[in-house]
Amino acid sequence: MKKRILIRFKKNMIDKPIVYRLVKDHNLIFNILRANVLPKADSIMVMEIEGEEEDFQKGIEYLIDAGCGIEPIEQDIKRDESKCVHCGVCTSVCAPSALYIDRKTMEVNFDYKKCVACELCVKVCPVKALNVYFDF
Ligand code: SF4
Ligand code: SF4
C-alpha cells in the first residue's frame, strides 16, 4: 500500500532518527513531499509511505509511540464545493493531477490521495475555494 500522511514532530524530537527507523525496522519506503523542520520549534512533514499493509500499520504505531502526530493528508486540504465554479484554473498548476477535469461532466474533480500539499492551487483559485490547513 501507499499513503500520504502528515507527521508532526515536537521540537524535542528533532535529533531522533525517527524516519531512519521507519525504513530500517519497518521495511517502509518513504518520499518526503514537503517539510518544515526547525531546530527550536515543532516541525511538520508530508510524506508518502509505501510498503506492506502490516508493515505500514506497525510503522504508524511506531510513529505514534515515538510521540509524533499523524494526520491523513485529506484532513488538511479542503475544497469548498459551494464556491467552486469548475473553471479549471487549478488543474493547470497541479503537477500530480490531484485536480483534474472529468471529460464527461467537464467538472473539476479532486483526488486527495494524489495531493502533495504544494498549495499552488490555493494561490490561483479565483474564488478561494481551495484551502490548505497545514501550519507550515
Ligand atoms: S480554480 Fe477554484 S473555482 Fe476553479 S476549478 Fe479549481 S477550485 Fe474550482
Ligand atoms: S496543493 Fe493543490 S496544486 Fe498542490 S498537489 Fe494539492 S491539489 Fe495539486
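Order of listing sets the numbers, starting from 1, for every ligand and every atom in it. Keep in mind it's a predicted model, so treat the numbers as computed, not measured.
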Identity and separation of the nearest protein heavy atom to atom 6 (Fe) of ligand 2: Cys115 SG, 2.3 Å
Heavy-atom side-chain proximity of Ile7 to Ile44 below 4.5 angstrom: no
Record the part of Thr91 in heavy-atom contact with ligand 1 below 4.0 Å; permitted values are side chain, backbone, both and neither. neither
Close side-chain approach of Ile49 to Leu22, heavy-atom, < 4.5 Å: yes
Structural part of Val116 in contact with ligand 2, heavy atom criterion under 4.0 angstrom: both
Does Glu119 pair with Lys123 as a salt bridge, N-O distance under 4.0 Å? no
Quick one: which ligand 1 atoms are inside 4.0 Å of a heavy atom on Val85? 3 (S), 8 (Fe)
Ionic contact status for Glu48 with Lys3, cut-off 4.0 Å: no
Numbering as shown, the atoms of ligand 1 that approach Val127 to under 4.0 Å (heavy-atom distance): 3 (S)
Among all protein heavy atoms, pick the one closest to atom 4 (Fe) of ligand 2 and tell me residue, atom and distance. Cys118 SG, 2.3 Å
Any N/O/S atom, side chain or main chain, of Cys125 closer to atom 6 (Fe) of ligand 1 than 2.8 Å? no
His86 near atom 4 (Fe) of ligand 1: N/O/S under 2.8 Å: no
Under 4.0 Å, heavy-atom basis, I'd like to know which part of Glu119 is in contact with ligand 2: side chain, backbone, both or neither. backbone
With a 4.5 Å heavy-atom cut-off, do Val37 and Met45 have their side chains touching? yes
Among all the protein's non-hydrogen atoms, which is closest to atom 7 (S) of ligand 1, and how far away is it? Leu130 CD1, 3.5 Å
What residue and heavy atom of the protein are closest to atom 8 (Fe) of ligand 2, and at what distance? Cys94 SG, 2.3 Å
Below 4.0 angstrom, N of the basic side chain to O of the carboxylate: do Glu81 and Arg79 qualify? yes
Test item: Lys113 and Arg4 side chains (from C-beta on) under 4.5 Å apart, heavy atoms: no
Leu28 and Asp55: which non-hydrogen atoms are nearest, and at how many Å? CD1-O, 3.7 Å
Would you call Leu130 and Phe110 a side-chain contact if the rule is heavy atoms closer than 4.5 Å? yes
The answer for which part of Ala95 has a heavy atom under 4.0 Å from ligand 2 is neither
Spell out, as yes or no, whether a donor-acceptor pair under 3.5 Å connects the side chain of Asn131 to the backbone of Lys78. no
Non-hydrogen atom of Pro126 closer than 4.0 Å to ligand 1: yes
Return the closest protein heavy atom for atom 2 (Fe) of ligand 2 as residue, atom name and distance. Cys121 SG, 2.2 Å
Atoms of ligand 1, numbered as shown, that sit under 4.0 Å from any heavy atom of Val108: 5 (S)
